[in-house]
Amino acid sequence: QVQLAESGGGSVQSGGSLLLSCAASGPIYSIHYMGWHRQAPGKLRESVANVTSGGTTNYADSVKERFTISRDNARNIVYLQMNDLKPEDTGRYYCNCEGVMTDRGGMNFWGKGTLVTVSS
């Protein structure tokens, strides 16, 4: 019943910005971690950023000072503001929610991903 819907991906030039959004829907009581992973062609999926329900944030070293993660707990939406994008940021970005509490217990969910392409 729980679904994650991502939006905001696209194609930009180096130095540009994008805002990714992920809305979790369904019978959800709370979500502990909300975050983003990305995967470039030929590379492993990596964690980009995440934020707890209390507002504690974590970022990959490669995106610190450029990306900002935030969430709206009332609406179960997590955002990733990406500034000063670089070609190495290119990849498919996946929304990830861990510790999603429902009537069926705590579970983890993944979105289908949204493509981000940064050209030189």
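Every heavy atom of this structure was used, including side-chain atoms; hydrogens, water molecules and symmetry mates were not.
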* Verify the neighbour count for atom CD of Gln3: are there more than 12 heavy atoms of other residues, nucleotides or ligands below 6.0 Å? => no
Return the [atom1] to [atom2] distance between [X] and [Y], rounded to the nearest 0.5 Å.
| X | Y | atom1 | atom2 | value |
| --- | --- | --- | --- | --- |
| Leu20 | Gln81 | CG | CD | 8.5 Å |
| Leu4 | Lys112 | CG | NZ | 9.0 Å |
| Met34 | Asp72 | CE | CG | 9.0 Å |
| His32 | Thr56 | NE2 | OG1 | 8.5 Å |

* To do: Output, in order, the C-alpha distance, side-chain angles, deciding distance and verdict of side-chain contact (heavy atoms from CB on, under 4.5 Å) for Arg66 and Asp89.
  => CA-CA 11 Å; Arg66 297 190 297 120; Asp89 294 317; 2.8 Å; yes
* **SG atoms of Cys22 and Cys97 less than 2.5 angstrom apart** =>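 Their SG atoms do not fall under 2.5 Å; no disulfide, then.
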* For the side chain of Arg75 and the backbone of Ala23, is there at least one donor-acceptor N/O pair under 3.5 Å apart? -> no
* Asked: Is Thr57 reaching over with its side chain to a backbone N or O of Val51, donor-acceptor style, under 3.5 angstrom?
  -> no
Atom of [X], atom of [Y] and distance for their closest heavy-atom approach:
| X | Y | answer |
| --- | --- | --- |
| Thr102 | Met107 | OG1-CE, 3.4 Å |
| Ala40 | Thr90 | CB-O, 3.6 Å |
| Ile77 | Tyr79 | CG2-CZ, 3.4 Å |
| Ser120 | Ser14 | CA-OG, 3.5 Å |
| Ser17 | Asn83 | OG-OD1, 2.9 Å |
| Val2 | Phe109 | CB-CZ, 3.5 Å |

* To do: Please report the C-alpha distance between Val78 and Ile31 in whole Å, then the side-chain angles of each, then the deciding distance to 0.1 Å, and finally whether the side-chain contact (heavy atoms from CB on, under 4.5 Å) criterion is met.
  => CA-CA 11 Å; Val78 62; Ile31 303 172; over 6 Å; no
* Asked: What do the steps show when you test Asn96 against Asn50 for side-chain contact (heavy atoms from CB on, under 4.5 Å), and what is the final call?
  -> CA-CA 9 Å; Asn96 172 226; Asn50 63 72; over 6 Å; no
* Could you give me the CA-CA distance, side-chain angles and deciding distance for Glu6 and Trp36, then say whether side-chain contact (heavy atoms from CB on, under 4.5 Å) is met? => CA-CA 10 Å; Glu6 302 126 318; Trp36 296 89; 4.0 Å; yes
* Transitive ILVMFWY side-chain link Val100 to Tyr33, under 4.5 Å -> no
* Asked: Relative to each other, are the rings of Trp110 and Tyr94 parallel, tilted or perpendicular (30° and 60° limits)?
  ->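 Taking Tyr94 first and then Trp110, their aromatic rings stand perpendicular (interplane angle over 60°).
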* Asked: Considering only heavy atoms from C-beta outward, does the side chain of Val116 approach that of Met82 to under 4.5 Å?
  -> yes
* Is there any salt bridge (Lys or Arg N to Asp or Glu O under 4.0 Å) pair reaching into residues 45-64, and which pairs are they, with sequence neighbours excluded? -> Arg38-Glu46, Asp61-Lys64
